[in-house]
Amino acid sequence: MKKAFQPCTVRKLTLPGHSGIYLLLLLFPPLLSACASVSGGVLDPQGPEAQRVAYLSWLMFGVAAVVFTVVTVLLLLTAVRTRRQRSVEYSPESDHRALNGVIVGGVVIPAVVLLIIMGLSIAVQQISAAPASGDLTVEIVGHQWWWEVNYPDYGVTTANEIHIPAGRPVLIKLTSADVIHSFWAPQLHSKLDLIPGQTNSFVLQADNAGVYRGQCAEFCGLQHAHMVFLVVADKTDDFNTWLEQQRQSAPEPDEGSFEQEGQQAFLGSACVYCHTIKGTNASGTLGPDLTHVASRQTIGAGILPNGHGYLAGWIMNSQTVKPGNEMPPMDLDAEQLQAILAYLDTLK
Ligand code: HEC
Ligand SMILES: [Cu+2]
């Protein structure tokens with residue numbers, strides 16, 4: 001008599017110690033990330049839109065977990081049953097049942113589940129929603145590889161740091177100066193592309209005051225990974241103070257001061273072709289507006305903290321920190337560099 005099929009490999013698989021737990025974790029990657037207690041991610045929403053995205057993520061996780069469990073149980077049942085039966089008998093009826101099983105379990109149920117999830121995704125991302133409005137409008141232009149930030153109603157332009165009032169809806173308009181970028185602060189909202197020649201808009205709201213990190217989410221060239229921005233949600237008073245300060249032109253340095261020497265060095269070199277400092281002749285737009293550069297937390301779109309040493313390194317040769325970026329190495333002597341640094345310090 002022929003011996004029945006023995007599923008030996010599965011039965012002999014033994015795992016040392018607590019490895020069962022690791023195996024379980026492998027089956028549920030989200031649990032792994034929970035171990036690392038990553039903060040600032042999609043699962044830690046801080047605004048209404050991000051909240052909807054988080055609900056959707058958990059719902060999809062739940063549906064996937066149910067499907068996984070049902071399929072696993074069916075698989076185990078089949079394995080046990082076929083092991084008990086010495087031989088399997090085929091008949092037209094069993095064939096028919098198997099075919100029905102495949103159609104219902106493999107086509108109808110997945111189609112229904114996927115359609116429901118697709119419908120919810122469209123609803124959550126408001127793909128077809130009409131352009132909304134907010135208490136404030138912020139226009140953001142993507143550049144390789146930094147973010148231009150404009151407050152058109154107030155004549156304010158800054159870079160890489162977007163201040164908004166906490167708890168209030170802000171209309172964000174996105175476009176690009178070169179290639180396609182994507183705007184994404186995971187704790188606040190879902191991704192939206194910045195497309196040359198087109199304006200995409202959405203409403204951004206941060207429920208609580210705080211600093212939320214964002215990142216370009218569409219590969220846009222060499223320094224795509226270093227295209228970071230911060231959304232700084234301020235209490236209303238702090239926001240108004242910030243906005244008022246940003247509206248000012250740069251202060252004029254004292255006659256004969258080192259800072260004035262720095263201003264002259266700045267205005268007398270190539271900086272002016274690429275950078276604007278309101279209140280001076282510098283009106284270039286290839287690089288970030290520097291009128292209030294000293295008030296920002298980072299330079300180079302999040303690549304370095306904003307401080308004297310970092311600024312010096314950046315200005316002399318930013319290519320060593322952010323290779324390929326659009327600012328060339330500058331040919332300055334030590335005195336000019338120190339003077340420019342002193343001048344930039346006054347641009348609060
Ligand atoms: C050819 C154009 C160009 C010239 C000339 C130039 N820059 Fe820049 N600069 C840029 C660009 C583009 C960036 C943004 C780079 C990035 O983050 O990818 C930048 C960034 C900076 C930043 C950081 C700003 C921020 O908010 O991140 C500072 C500070 C700066 N430049 C100062 C200077 C000074 C001072 C000079 C003159 C000595 C100068 N730049 C000359 C194009 C230029
Ligand atoms: Cu980008």
Side-chain angles (χ1 to χ4, degrees), residues 140-149 157-162 174-185 191-196 214-230 246 250 259 261-277 280-348:
I140 295 172
V141 186
H143 293 259
Q144 283 173 314
W145 290 279
W146 57 281
W147 309 85
E148 176 188 334
V149 184
T157 297
T158 178
N160 305 324
E161 198 172 299
I162 303 151
L174 303 171
T175 189
S176 170
D178 36 51
V179 299
I180 298 178
H181 304 274
S182 178
F183 187 77
W184 191 36
K191 300 170 188 169
L192 195 59
D193 280 2
L194 299 89
I195 300 169
Q215 162 78 45
C216 180
E218 177 85 50
F219 182 72
C220 59
L222 196 57
Q223 290 296 342
H224 156 70
H226 294 139
M227 193 168 161
V228 169
F229 62 90
L230 298 177
Q246 298 286 315
E259 287 77 12
E261 193 184 314
Q263 187 193 45
Q264 277 158 5
F266 187 96
L267 297 176
S269 73
C271 317
V272 293
Y273 298 122
C274 302
H275 294 290
T276 294
I277 295 181
T280 73
N281 292 331
S283 56
T285 52
L286 277 173
D289 188 303
L290 298 181
T291 312
H292 297 286
V293 64
S295 73
R296 301 203 276 267
Q297 301 186 17
T298 71
I299 53 171
I303 203 168
L304 291 174
N306 191 359
H308 239 87
Y310 297 113
L311 268 173
W314 175 272
I315 292 170
M316 289 310 285
N317 191 354
S318 66
Q319 298 299 321
T320 55
V321 233
K322 195 170 178 182
N325 90 82
E326 300 287 324
M327 176 163 159
M330 296 314 270
D331 187 19
L332 303 168
D333 62 33
E335 164 108 13
Q336 284 170 321
L337 176 66
Q338 290 306 327
I340 288 181
L341 288 174
Y343 173 55
L344 292 183
D345 255 356
T346 67
L347 304 180
K348 295 266 159 46

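All ligand and atom numbering here is 1-based and tracks the order in the structure. Only a predicted model underlies this, so the values are computations on that prediction, with no experimental measurement involved.
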field: Nearest-0.5 Å distance that lies between atom NE2 in H292 and atom OG1 in T158
entry: 8.5 Å
query: Given the rule in the side chain to side chain donor-acceptor pair (under 3.5 Å) test, do Q246 and S295 qualify, once you have shown the distances and angles that lead to the verdict?
result: CA-CA 9 Å; Q246 298 286 315; S295 73; 3.2 Å; yes
- request: Starting at CD1 of I315, measure out to OG of S269 and round the result to the nearest 0.5 Å.
  value: 9.5 Å
task: Kindly indicate whether the side chain of E148, heavy atoms from C-beta on, has any atom under 4.5 Å from the side chain of T175.
output: no
message: So, at under 2.8 Å, which protein N, O or S atoms would a careful student list around the Cu ion (ligand 2)?
response: H181 ND1, C216 SG, C220 SG, M227 SD
Side-chain (W145) to main-chain (G324) donor-acceptor, under 3.5 angstrom: no
- prompt: Counting N and O atoms only, with roles assigned by atom type, does the side chain of W147 sit under 3.5 Å from a partner on the main chain of A301, one being a donor and the other an acceptor?
  reply: no
statement: Value for CH2 (W314) from OG1 (T320), rounded to nearest 0.5 Å, stands at 9.0 Å
- prompt: CG of L304 to CD1 of I299: how many Å apart, nearest 0.5 Å?
  reply: 5.0 Å
Could you tabulate the donor-acceptor pairs under 3.5 Å formed by side-chain atoms of residues 178-185, not counting sequence neighbours?
from, atom 1, to, atom 2, distance (Å)
D178, OD1, H181, NE2, 2.9
D178, OD2, Q144, N, 2.9
S182, OG, D193, OD1, 3.3
W184, NE1, H189, O, 3.3

message: Please work out, at 4.0 Å between heavy atoms, whether the side chain, the backbone, both, or neither of L311 comes within that distance of ligand 1.
response: side chain
- prompt: How close does the nearest protein non-hydrogen atom get to atom 15 (C) of ligand 1, and which residue and atom is it?
  reply: N325 OD1, 3.5 Å
- line: Ranked by distance from atom 5 (C) of ligand 1, the top protein heavy atom is A270 O, 3.4 Å
Validation row: Q223, E326 side chains within 4.5 angstrom (heavy atoms): no
field: Residue, atom name and distance, where the atom is the protein heavy atom closest to atom 16 (C) of ligand 1
entry: K322 NZ, 3.3 Å
field: Polar side-chain atom of Q319 near backbone of M327 as donor-acceptor pair, under 3.5 Å
entry: yes
- line: If you scan protein heavy atoms around atom 27 (O) of ligand 1, the nearest is G300 N, 2.7 Å
- request: Would you mind telling me if ligand 1 is within reach of the side chain of L286, the backbone, both or neither, using heavy atoms under 4.0 Å?
  value: backbone
query: Is it true that a side-chain atom of K322 and a backbone atom of G300 form a donor plus acceptor pair closer than 3.5 Å?
result: yes
- prompt: Between H226 (side chain) and G302 (backbone), is there a donor-acceptor pair under 3.5 Å?
  reply: no
- line: Within a distance under 2.8 Å of atom 8 (Fe) of ligand 1, the protein atoms of type N, O or S are H275 NE2, M327 SD
Give the table of side-chain donor-acceptor pairs shorter than 3.5 Å for residues 335-348, with sequence neighbours excluded, one pair per line with atom names and distance.
from, atom 1, to, atom 2, distance (Å)
Q336, OE1, D333, N, 2.9
D345, OD2, H308, ND1, 3.4
T346, OG1, Y343, O, 2.6
K348, NZ, D345, O, 3.2

query: What is the closest protein heavy atom to atom 26 (O) of ligand 1, and at what distance does it sit?
result: R296 NH2, 2.9 Å
query: Does at least one non-hydrogen atom of F266 fall below 4.0 angstrom from an atom of ligand 1?
result: yes
Numbering as shown, the atoms of ligand 1 that approach N160 to under 4.0 Å (heavy-atom distance): 27 (O)
